[in-house]
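Could you have a look at this structure, given as structure tokens, before my questions?
Only heavy atoms go into these numbers, but all of them, side chains included; no hydrogens, no water, no symmetry mates. Residue numbers begin at 1 in each chain, while the letters A, B, ... track the order of the sequences.
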Protein chains: 2
Amino acid sequence: MTDEIDQLLLNALMEDSRRSLKALAQISGLSSPSVAERLRRLEERGVIKGYTVEVDPRHFGYQLQAIVRVRPLPGKLHEVERQIQSIPEFTECDKITGEDCFVARLHVRSMEQLDELLDRINASAETNTAIVKKTSVPRRLPPMN
Amino acid sequence: MTDEIDQLLLNALMEDSRRSLKALAQISGLSSPSVAERLRRLEERGVIKGYTVEVDPRHFGYQLQAIVRVRPLPGKLHEVERQIQSIPEFTECDKITGEDCFVARLHVRSMEQLDELLDRINASAETNTAIVKKTSVPRRLPPMN
DNA sequence: CGGGGTAGCCGAATAATAGTCGCACCCCAA
DNA sequence: TTGGGGTGCGACTATTATTCGGCTACCCCG
């Protein structure tokens with residue numbers, strides 16, 4: 001289904017998704033039409049969900065990054081979810097099991113903005129916020145064997 | 001420094017980082033040499049940190065995704081951090097303020113594996129684990145104006 | 001006010017890459 | 001043995017990337 005060559009390709013694209021088919025062909029030992037065909041199939045099957053760019057938010061003034069746990073007040077779950085979705089400074093959010101219903105990542109330019117955005121949420125949820133000091137593990141792929 | 005055209009380019013690449021320079025040129029209204037030059041500068045300045053691929057872990061049998069909060073035992077902070085880094089099923093980890101020192105994302109194939117991996121960490125830390133039920137906000141960029 | 005430097009853009013030409021196609025090979029099942 | 005699906009290849013054509021010279025707008029400072 002997904003063999004070692006596909007894994008080579010995925011790893012190579014993880015490092016740099018703008019690599020040419022030719023470069024991918026050299027890495028994998030296939031010809032470039034074959035690589036094109038494999039990518040097409042990986043995309044078709046949904047193994048590859050998309051190709052994206054990694055942007056450094058600090059270059060846009062987002063000096064602070066926070067992890068926010070959100071526990072909606074009774075009956076406010078959907079409202080809170082929509083609220084989080086509608087605030088673009090929340091750049092990820094997962095709905096999880098346990099007392100907290102959501103964990104989200106928030107990028108802000110200042111403490112004032114952090115306070116302002118959390119206040120909005122706090123109208124319908126309790127929040128628990130931790131500031132990110134450092135990224136210990138940058139986004140990576142789990143093992144694929 | 002970073003104008004509207006750069007933002008157009010970044011958004012276009014966020015949607016699909018394998019777009020050709022020609023396509024980006026059409027989107028931005030520039031010529032393709034100009035687009036190439038802008039990308040080069042965005043990369044050089046570190047605004048663009050890289051181009052990556054979005055892979056669906058479920059296709060590799062990772063049925064479960066968990067958010068793990070980790071509180072190392074006294075004196076074990078560095079050991080725990082190294083341990084997390086060395087377990088490839090942890091696909092992200094941030095060091096944060098507060099009682100929990102780390103929040104990490106973990107992909108596993110089964111409850112057994114979840115238990116096994118957490119047991120390893122539990123030798124030197126307390127953990128608090130929540131299973132991801134749904135992704136409310138898929139990874140996106142904060143506003144860039 | 002005007003030279004000179006710089007930054008950014010363009011078009012055209014060349015170099016490189018991507019896409020298309022017909023065919024070969026392998027594996028397996030009839 | 002035969003035939004079909006799946007995957008690969010090389011060679012060709014179409015498309016894209018890169019390079020380069022020159023243009024314009026802007027700014028700094030004499």
Inset, instruction - Provide, to the nearest angstrom, the distance between the CD atom belonging to A/E4 and the P atom belonging to D/dT7. - result: 13 Å

Legend entry - Any residue of residues 46-55 of chain A with a heavy atom less than 4.0 Å from an atom of DNA chain C: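 Heavy-atom contacts with DNA chain C come from no residue of residues 46-55 of chain A; none.
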
Legend entry - Pairing of B/R105 and A/D94 as salt bridge, 4.0 angstrom limit: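 Salt bridge between B/R105 and A/D94, a charged N being under 4.0 Å from a carboxylate O: yes.
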
Legend entry - NZ/NE/NH1/NH2 to OD/OE distance under 4.0 Å, B/D100 and B/K95: no

Inset, instruction - List in numerical order all residues of residues 15-42 of chain B for which some heavy atom is under 4.0 Å away from an atom belonging to DNA chain D. - result: B/S20, B/L21, B/K22, B/S32, B/P33

Inset, instruction - Using distance alone, with no hydrogens and no angle criterion, decide if A/Q63 and A/S110 have a side-chain donor and acceptor under 3.5 Å apart. - result: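 The answer is no; no qualifying pair exists.
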
Inset, instruction - Using a strict 4.0 Å threshold on nitrogen-to-oxygen distance, state whether A/K134 and B/E81 make a salt bridge. - result: yes

Inset, instruction - Tell me, yes or no, whether the heavy-atom count around B/R40 atom CZ, taken from other residues, nucleotides or ligands under 6.0 Å, exceeds 12. - result: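 Yes, CZ of B/R40 has more than 12 neighbouring heavy atoms, counting only those of other groups under 6.0 Å.
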
Legend entry - Rounded distance [0.5 Å steps], OH in A/Y62 versus CE in B/M144: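 Going from OH on A/Y62 over to CE on B/M144, the span is 9.0 Å.
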
Legend entry - Distance, nearest 0.5 Å, that separates CD of B/E79 from NZ of B/K76: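 Rounded to the nearest 0.5 Å, the CD-NZ separation comes to 4.5 Å.
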
Legend entry - hydrophobic_cluster_shared for B/L42 and B/L8, side chain cutoff 4.5 Å: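 No, it is not one cluster - the side chains of B/L8 and B/L42 are not joined through contacts under 4.5 Å.
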
